[in-house]
Structures are given as C-alpha cells and as structure tokens.
Amino acid sequence: MWMINAIDAALEKKMQERGLELSAGEIYNADAPGACVSDAVVSMAFGCTGSIISDEGLLITNHHCAYSDIHALSTPEHNYLEEGFWAFRADEEVNIKDKTVYFLKRVIDVTEEVEKVKAEYEAAGKPAGSRKLSFVMESKYRNETGLEPWLAIMWGGSKYYMALYEVYSDVRLVAAPPVSSAAFGGDIDNWEWPQHKCDFAMYRVYTAPDGSPATYSKDNVPMKPKAKLNISLDGYKEGDFTMVIGYPGRTNRYSSSFEVDFNESVKLPISNGIRGEQMSIIKKWMDADPQIRLKYADYFFSLSNVQELYSGEVECCKRFDVVCRKQELEKELQEWIMASPERVEKWGDLLAHLERNYKAIAPAEANAAYFRETLIRGTRLSTIIRRASNPRNQQGTGPKMLEAYEELDLRVERELMEYALETYVNNIDPKYFTPWQSEILAMFAKDGEYDTKALSDSLWNASLFTNDEGIRRLGERDVEFSDIVEDPLAKFILDIKVTAFNGDKQKAEGEISTIVLDREFTHALYQMRLDKSQPQYPDANSTMRITYGTVGHLEPRDGVICDWKTTPAGILEKYSPTDYDFHLNDRQYLLYRSADWGRWGFGPDNSLMYVNFLTDNDITGGNSGSPVMNSKGELIGLAFDGNKESLTSDVYCTPGYNKCICVDIRFILWTIDRYAGLTRIIEEIGF
C-alpha cells in the first residue's frame with residue numbers, strides 16, 4: 001500500500017518490470033499541467049473509493065458502498081434493493097443527502113513544520129497532541145489554499161503529510177443492480193472464492209454552473225472532470241499486470257505480537273461470538289417477513305461484514321502463525337536496539353513493557369467487550385434509549401424518535417434485548433454490576449443463577465420504550481425527563497458506564513499506557529527499517545495508496561487449486577429459487593441461460609464472459625470500489641472483496657494468500673446494457 005506521492009524511481013522500476021507501461025508522473029504528479037490517472041480516483045467520504053469514467057462526472061463504485069443509500073430510498077412499494085435502481089433520464093438521478101466525494105489535489109510532507117509547531121506549544125506549556133496539531137495545521141492550509149486539508153500522521157508520528165482535497169457535495173445516484181446480482185451469494189459467499197457478484201453502482205457528481213463545488217441545487221450541472229479513466233474491453237489473462245489506486249481505511253501491520261495475541265485470544269472471540277448470535281436472530285426474522293428484511297437489511301449487512309472479517313482474522317492468525325512471525329521480527333528489532341546505547345536507553349525495555357501491559361489489561365478489556373457488545377450495541381433500541389436520555393440531545397424525543405422507530409421491529413428488538421441481557425449478566429464480572437442492577441438481579445436469582453428470561457420480560461413490559469402508548473408519549477414529548485432516566489429498561493442499560501472498565505484498565509497498565517507503548521513500538525520498527533534501508537510503507541489511514549500486482553489463481557489449502565476467474569455458468573450452478581442468497585429474477589435467469597453477451601463478450605463469436613477475477617493486489621476496507629487497471633492505466637474492473645485466507649491482512653500480509661476479488665468491467669457494462677437497457681449511460685462512456 002504505497003503512498004501515491006511516494007512513487008520513487010525504484011518503485012517505478014519495479015512496477016515497470018512487472019508490466020506497467022506508464023511512468024510515475026503519469027500516475028501522480030501534482031505539478032503536472034495536465035491530468036494524471038490518480039486525478040480520476042476519488043474518496044467517497046473515506047468509506048469507499050470511486051472513479052470517474054465520463055466527461056459528465058459519472059462515478060463508478062461498488063454496490064455495497066451504495067447499499068445504505070439504496071436502502072434509504074427504498075419503500076415497500078419501490079424496493080430498489082430488490083428491483084435495482086436505474087435512472088433512464090437525467091432528471092431521475094436522485095440527490096443523496098450528505099453524500100460527498102473528495103478529489104485529491106496534492107500531498108505535502110509537513111513533518112518539519114509540524115515538529116516546529118509541536119516544539120513551540122510544548123515550550124509554552126500548552127498541549128500538543130494529535131488533535132491540536134491537526135487543528136492548527138489544517139486551519140493554516142485551509143486558509144492558504146481554499147482546499148479541504150487533512151493531516152495524516154504516519155508511523156505513529158514519525159512523519160506527517162498534509163493531503164489537500166477538493167470536495168463536492170451534490171452527488172446523485174444513477175444506477176444500481178438488484179441485490180440478486182450485486183450481492184449474489186449473499187453472506188454465504190462473502191470473503192469466499194469463487195464468487196459471482198456484479199458489485200457496482202453509479203453516481204454522478206454535479207457542480208455549480210461555473211464548475212465549482214456546490215451544495216445541491218436544481219440549477220447544478222454535471223461535473224466536467226479534470227480526468228477520467230478509459231475503459232478497456234481487451235480483458236486480461238493470468239500473469240497480467242494490475243494496479244489498484246484507492247483509499248484503504250486502516251491496517252495495523254506495525255502491531256506487536258502481544259497486541260495480535262491479545263486480539264486473537266481475548267477481544268475478538270467475544271465480539272465475534274456475540275455478533276454471530278445476533279445475526280442468527282435477525283436473519284430468522286428477515287427470512288420470515290419481507291418487511292423486516294427491508295428494515296434490517298442495511299444493519300444486517302454491516303453487522304455480518306464485520307463479524308465475518310474479524311472471525312476470519314482470528315482463524316487466519318492461528319493458521320498462519322502470525323504471532324510467531326511477529327516474534328521473529330521482534331527478535332531482530334531487539335538486537336538492533338541493543339546495538340546502540342542511545343536506542344537501549346530509549347527502547348531497551350519496550351518489548352517487556354508491552355508483554356506486561358497486554359497481560360495486565362486482559363480482564364478489564366474482556367469485561368468491557370461484553371459490555372459494549374450487549375448493552376451498548378446489542379440492540380438498535382438501545383441507541384434510541386441513549387439518545388432520549390441525553391439532556392443535551394434536543395432530538396432525543398419527538399418526531400425524530402418516531403422516525404427511528406419506523407426502522408425497527410419491536411419483536412426483533414425484544415429477542416435481541418433478551419439475548420443481550422442474558423449475555424451481559426452471565427459473563428460480566430459481578431463486581432461491575434451497579435448497586436441498582438444488583439438489586440434488580442437479586443429479584444431474579446435462584447440457586448446461584450439468574451433467570452434472565454424473566455428479567456428481560458420484566459424490564460421490557462414495564463418500559464415506556466416498548467409499547468405503543470409510551471412511544472406515542474415519547475414522540476409527542478409528553479414525558480418528564482425523570483420518567484425517561486428512571487424507566488426500568490433504560491436504567492438497567494444506562495446505569496453502568498464504560499468508565500468503570502477504563503478505570504480498571506488504567507490501574508492495570510501502571511505508569512505507561514498501552515497506547516503509548518504501541519506508538520513507541522511503531523517508532524522503533526520504522527527507525528530500524530529506515531536504518532537498514534528497507535523499503536516500507538505506513539499503515540493504511542484513508543490516504544490515497546497504490547498497489548500493484550498480477551492476475552493469478554489461488555491455492556487456499558494443500559492440494560486445492562482455484563481458478564483465477566468465474567463465469568456466468570457458475571451463477572446458474574449456484575442458483576436456487578428457494579434460497580434468498582442464491583435466487584435470480586426471471587429476467588436474470590433467462591439472460592444468463594441465453595449466454596448472449598453481445599459486444600461485451602469475447603472469444604469465439606463473443607461467447608465468453610467473466611464475472612469476477614483474482615489479483616494479488618494489497619487491499620483492505622476503504623478500497624471497496626477501487627478501480628482495477630491494466631498496464632496502460634485503463635479500467636478493467638472494480639475491487640470489491642478479499643478472500644478468507646487474506647483476513648490477517650489487517651496485521652500481517654501473507655504472500656501467496658492475500659487476494660483481491662474484482663468484478664469484470666465487461667460484465668458490469670453487459671448488465672447496464674442488456675439487463676437494464678440503460679443505453680444513455682453506455683453512450684455516455686463512449687460505447
């Protein structure tokens with residue numbers, strides 16, 4: 001995940017040896033008079049990546065990046081998740097409120113400047129933490145450039161870069177296929193290979209008539225972009241060069257073995273287990289009622305994606321022995337430290353302190369994990385309760401609350417609440433129970449155990465938040481604030497604070513916090529590699545990165561070889577009319593059966609079509625929607641997923657196993673053209 005502004009001669013040479021036909025300056029060059037490839041790649045509010053593919057501001061990204069927008073537009077009468085969304089005319093393109101896209105204009109190394117500001121503040125006895133430094137530096141560059149600045153802290157503060165963006169806030173949805181195409185295979189195929197998803201969506205960026213960024217207005221016009229990506233229909237083969245530019249969100253590859261072991265054995269198993277049970281509860285209700293599916297589809301989608309990601313991380317960390325790999329690196333680091341008196345003074349006991357801290361904080365962190373996953377985010381109803389009980393939140397009750405209830409089904413919430421209370425009561429150390437919670441629990445105790453079902457029923461039945469009359473009163477603000485905070489269900493959820501766990505964690509840490517030790521470990525590792533002239537890139541932090549690789553197959557297990565591409569034949573093999581995750585509508589089924597790919601096909605009589613393909617580009621969350629380009633910088637697909645064997649990539653990139661799953665641009669164009677009949681878009685992008 002190389003920084004886009006750091007493509008030096010050595011990296012350029014390596015990419016060209018692998019097949020790149022462009023120069024580094026054609027990929028990124030803020031001082032060039034013309035446009036570069038990176039000018040066509042945008043961040044979608046640093047959650048996903050998109051790219052511009054027409055002279056009219058047409059933007060393509062993944063469907064799962066647009067999922068929340070499509071869900072918000074959907075109604076029982078027009079369920080765009082199930083039907084797809086297609087704007088056949090320009091006036092049918094729908095503005096998405098609060099949607100923004102960021103065009104990177106320049107990246108500047110501001111390390112010396114930041115260090116100077118930091119020294120000045122410290123000399124004056126003023127705080128100079130990352131938030132303060134970001135505020136000072138970003139204010140300066142915002143005033144000087146008129147662009148939106150973001151200070152990126154690299155290698156735990158070893159380096160600082162200022163990224164400058166032009167931000168556009170009139171973004172309109174243009175096209176999105178139904179989930180039976182975009183998410184074919186559903187949760188079952190997520191993080192798996194082979195896959196058969198047409199995971200794309202299209203937006204359009206609009207500007208003021210003079211071309212400047214502007215908020216939504218009916219007078220706005222389609223953007224005239226500085227650059228766009230050309231689309232290639234020439235395809236690719238195994239071994240071909242691929243390049244991905246995007247905004248990977250977060251990695252933690254400078255983590256220590258102690259942190260990895262802590263997450264693998266303490267923290268993640270708790271959240272993974274609880275979220276898995278929550279998913280089972282929600283899915284049962286979704287499968288039983290289409291209206292519940294519509295209400296919970298977006299929530300379930302985000303929940304399942306995270307749960308599978310972290311479950312896979314735990315499994316792969318064990319399989320690939322990541323802790324031992326980290327320990328080998330730490331042995332090298334310790335030897336390097338001990339070779340210098342100055343380094344010994346600074347970092348000599350660093351690894352010992354890290355080991356001690358992670359062991360010491362484990363009990364408090366385990367209890368905090370149970371608390372977070374149950375009483376904080378175990379139900380969606382708890383979010384409403386917390387908002388209503390916050391005296392500073394004027395929208396806590398009233399019409400906004402009623403809107404929030406419209407997105408819930410209280411039958412689902414009741415079962416989730418029952419599970420949350422059962423898990424909380426039976427797993428939290430009793431010393432964390434508040435006096436009021438202990439008093440209530442005593443009423444449901446028998447033979448050393450708690451009847452959590454009876455507890456849940458009692459709190460639920462006595463609550464304002466769970467019956468029609470109480471909800472009406474809350475919506476009309478016909479309640480006293482004291483009635484809200486003394487509500488039995490609300491009080492049980494709100495009585496305990498996260499500070500109880502944080503306080504125990506701080507006591508266990510002693511004089512040096514684990515966060516400080518982690519940061520020092522990153523500093524030391526960075527300095528060692530710098531000292532040894534080893535090429536290195538910083539952890540992903542939503543800044544633009546470039547990764548290069550090749551198309552290739554996967555060998556996930558001993559004796560198992562998976563091809564590097566899938567075809568529509570695989571969709572028909574998986575098709576099941578009674579399984580929601582693998583169903584097709586009649587039009588899809590007939591078109592796939594006909595195998596008429598027209599001009600989007602290839603091979604003899606255009607009879608061949610690829611759906612998804614594999615590369616070994618290094619991606620993570622935030623890269624979703626990133627353009628996958630060939631050696632000429634032409635668009636051949638979109639990155640949309642990783643494989644299960646790659647799920648250690650947050651902390652360790654495993655060569656040979658880390659794969660990027662991409663959707664073929666030709667299958668996307670066929671879907672737009674032959675399935676949807678959206679010919680105006682086909683013509684707009686030059687076909």
Side-chain angles (χ1 to χ4, degrees), residues 3-7 20-46 48-61 90 93 99-108 141-142 144-150 152 161-172 174 202-217 219-232 243-247 542-546 623 625-630 632-636 638 665 681 683-686:
M3 294 170 59
I4 194 70
N5 57 299
I7 308 177
L20 177 67
E21 299 179 53
L22 303 176
S23 67
E26 291 175 290
I27 297 172
Y28 169 86
N29 189 342
D31 298 315
C36 302
V37 172
S38 61
D39 291 323
V41 183
V42 305
S43 171
M44 305 188 71
F46 302 101
C48 283
T49 301
S51 50
I52 301 297
I53 57 171
S54 86
D55 294 321
E56 298 292 319
L58 189 66
L59 183 157
I60 191 166
T61 185
E93 297 176 1
K99 198 78 173 179
T100 53
V101 296
Y102 290 70
F103 287 80
L104 179 68
K105 309 307 290 183
R106 180 182 292 273
V107 181
I108 306 169
Y141 277 87
R142 185 178 292 109
E144 289 181 355
T145 67
L147 298 170
E148 185 60 29
W150 186 57
Y161 291 88
M162 186 66 72
L164 300 173
Y165 298 94
E166 200 162 51
V167 185
Y168 293 81
S169 56
D170 186 353
V171 183
R172 308 183 193 183
V174 175
M202 288 179 168
Y203 295 88
R204 191 183 305 281
V205 183
Y206 281 74
T207 70
D210 64 0
S212 62
T215 56
Y216 171 76
S217 168
D219 297 324
N220 285 351
V221 298
M223 178 190 202
K224 301 299 181 185
K226 179 180 179 181
K228 67 174 181 178
L229 296 185
N230 293 320
I231 293 172
S232 171
M243 175 174 67
V244 172
I245 297 176
Y247 289 85
S542 294
T543 51
M544 184 183 277
R545 306 294 179 97
I546 182 172
N623 272 121
S626 291
V628 182
M629 292 167 276
N630 62 17
K632 299 176 183 178
E634 298 168 330
L635 187 66
I636 60 172
L638 304 179
I665 193 65
I681 296 301
E683 293 169 359
E684 178 183 337
I685 57 182

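- Between D39 and A227 the shortest heavy-atom distance is CB-CB, 3.7 Å.
- With a 4.5 Å cut-off on side-chain heavy atoms, D170 and T215 do not count as touching.
- Between atom OG of residue S626 and atom CG of residue L638 there is a gap of 8.5 Å, rounded to the nearest 0.5 Å.
- With sequence neighbours left out, the side-chain contact (heavy atoms from CB on, under 4.5 Å) criterion links S54 to E56, L58, R204, E684, I685.
- Under the ring-ring contact (aromatic ring centres under 6.0 Å, His included) criterion, Y161 pairs with no residue at all, not counting sequence neighbours.
- Taking the centre of each ring, Y102 and F46 come in below the 6.0 Å mark.
- Side chains of Y203 and E93: a donor-acceptor N/O pair is absent below 3.5 angstrom, by distance only.
- I231 has its side chain out of reach of I636: every pair of non-hydrogen atoms, C-beta onward, lies at least 4.5 Å apart.
- Partners of E683 under the salt bridge (Lys or Arg N to Asp or Glu O under 4.0 Å) rule, at least two apart in sequence or in another chain, do not exist in this structure.
- Residues forming a salt bridge (Lys or Arg N to Asp or Glu O under 4.0 Å) with D31 (at least two apart in sequence, or on another chain): R106.
- Contact of the T100 side chain with the S43 side chain is not registered, since no non-hydrogen atoms from C-beta on lie closer than 4.5 Å.
- L229 places none of its side-chain heavy atoms less than 4.5 Å from the side chain of I52.
- In this structure A90 satisfies the side-chain contact (heavy atoms from CB on, under 4.5 Å) test together with R680, sequence neighbours excluded.
- In terms of the salt bridge (Lys or Arg N to Asp or Glu O under 4.0 Å) criterion, K632 has no residue partners (sequence neighbours excluded).
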